[in-house]
Undergrad: 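Got a structure for you, written out below as structure tokens; questions coming shortly.
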Protein chains: 2
Amino acid sequence: MKTEKIDKKQAILEAAEKLFCETGYEGTSTRQIAKESGANMAMINYYFGSKEGVFIEIMNNRIAGFASQLRIINEDKISSLEKLHKVIEGYTNRILANTAFHKMMHRELSLTQRPEMYDKIKDAMGQNMLLIDRIITDGIEDGSFNKVDVRMVIATIMGTITNIVIAPNKVVPCSNFDLNNPKDKKIIKERVIAHLQDLTTVYLTAKK
Amino acid sequence: MKTEKIDKKQAILEAAEKLFCETGYEGTSTRQIAKESGANMAMINYYFGSKEGVFIEIMNNRIAGFASQLRIINEDKISSLEKLHKVIEGYTNRILANTAFHKMMHRELSLTQRPEMYDKIKDAMGQNMLLIDRIITDGIEDGSFNKVDVRMVIATIMGTITNIVIAPNKVVPCSNFDLNNPKDKKIIKERVIAHLQDLTTVYLTAKK
DNA sequence: GGAAGTTAATCAATCGTTTGATTAATTTTG
DNA sequence: CAAAATTAATCAAACGATTGATTAACTTCC
């Protein structure tokens, strides 16, 4: 017989991620997820135990791929500035390649419910911050960077990228661009990277 | 008898804003709002027509107070840099004085439901961006600022502040500070302002 | 006394989840 | 190999609980 077979489980995950991003976790019903994925409602609980189980699986999958990328940079024999530029490039690329998830993550971060999820995100972000912190601190200690408020610089780098992703297209820098259009996204991505690299170069190395 | 008298309406608004911020709009039930405010459930519909009516009223009130503050600055006879510094100070002060609302606003901005609300926030933000845009553009034109990607600089300013408000205390710059503690909040506020003023000064006026 | 404010009780709708049954594929057995 | 037994996947229907909203009666106040 013709058996649809392949991965209704995956279909549920993908539909749920899309819906959670668009309308939020509590704003999405299991019936919507079922309809969107083409699966029966019961399959959600069959595979994931609960609606929250779906959410947790999505976040875990994403966060796993999240953590495993930037580490090597800090071992290269390049200047602190070059390291920082590489991190900016990598970080921007990764976030703009997953804007939907990034929105979801930040939304979750601004809520007090589901503390378990909150902690997970916190830890993932914390690691990235630590990496950047070390690069900048090293640069300051060896005299190649100005003395700056390191944690604030980090907030600036991350905040800029997040702002581009979350704030509405019409409001934000690239007025007529659309992050859902791959071509526009590429342009925005390069613009963000260029800006942040220029900004950090000037701010960290300009003679006062 | 005891007449509670004093503004059950206001109590509902305040309770709802608190809850909406903590657990989101769909994550908050009218029964929770009633309990938290000490009002009967029916009072919500009596005064605001619906749950969404409460939400809209909260947002409208806030946005109204939002728009009416920064305008004067651009008329002062001061340098572009001083104007920008004033805007940064005013903007940071306002956002950190209303962190709960700011979280709510940003969450709403990352959702696709309630487009009416989305547009309202978009317009409010757009006006602030336009103000900053003009100040920086003027500075570039009269030669006092370097040529920069203006909209990206704006994203950096706004993104940095938002990042401080939304990202978790333990992750974000001021590691052991708590935005709910008034004393800590004051310290963070001044640190953000100092950082952004320093950053913009260096980036916009440093000789290359 | 009548308008405004407040209440408990109730409403239909929807929520996430569970159920019992059915189908299709796989494994075991004789 | 094929019949029997077992497992996994899927489904429609229903569950109890909760949702936002409404009702109608009661109280308070001018």
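Sequence lines set the chain letters: A, B, ... in the order given, protein chains first and strands last, and positions in each chain run from 1.
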Undergrad: Grab the CD1-C1' distance between A/I44 and C/dT18 for me, whole Å please.
TA: 13 Å
Undergrad: Whole angstrom is fine here: how far is it from OH in B/Y46 over to P in D/dC26?
TA: 18 Å
Undergrad: Measure from CE on A/M41 to P on D/dA13 and round the result to the nearest Å.
TA: 13 Å
Undergrad: D/dT22, C/dT6, D/dC11: which one has an atom nearest the side-chain heavy atoms of A/M43?
TA: D/dC11
Undergrad: Within the 4.0 Å heavy-atom criterion, would you say A/S29 contacts the bases, only the backbone, or no part of the nucleic acid?
TA: sugar-phosphate
Undergrad: Take the protein atom CD of A/Q32 and the nucleotide atom P of C/dT14, then report the distance between them rounded to whole Å.
TA: 12 Å
Undergrad: Can you identify which nucleotide, out of D/dA9, C/dT6, C/dT19, has its nearest atom closest to the A/Y47 side chain?
TA: D/dA9
Undergrad: Can you tell me if B/H102 and B/T162 form a side-chain donor-acceptor pair at under 3.5 Å?
TA: yes
Undergrad: Going by atom types alone, do B/T156 and A/T160 pair a side-chain donor with an acceptor below 3.5 Å?
TA: yes
Undergrad: Does A/N40 make a side-chain donor-acceptor contact with the base of D/dA12, cut-off 3.5 Å?
TA: yes
Undergrad: Cationic tip of B/K51 within the cone over B/Y25's six-membered ring, i.e. under 6.0 Å and within 45° of the normal?
TA: yes
Undergrad: Starting from P on D/dG20, measure out to CZ on B/F55 and report it in whole angstrom.
TA: 14 Å
Undergrad: Tell me whether the NZ or CZ atom of A/R114 lies within the 45° cone about the ring axis of A/F55 and under 6.0 Å from its centre.
TA: yes
Undergrad: Side chain of A/R31: nearest nucleotide among D/dC11, C/dT6, C/dT17?
TA: C/dT17
Undergrad: Could you tell me how far apart A/E26 (CD) and D/dT19 (P) are, to the nearest whole angstrom?
TA: 11 Å
Undergrad: Separation of B/K51 atom NZ from C/dA13 atom P, in whole Å?
TA: 19 Å
Undergrad: Please give, in whole Å, the distance from C/dT17 C1' to A/N45 CG?
TA: 5 Å
Undergrad: Kindly state whether the ring of B/Y203 and the ring of A/Y203 have centres lying under 6.0 angstrom apart.
TA: no
Undergrad: For B/F48, which contact category applies under a 4.0 Å heavy-atom criterion: base, sugar-phosphate, or nothing?
TA: nothing
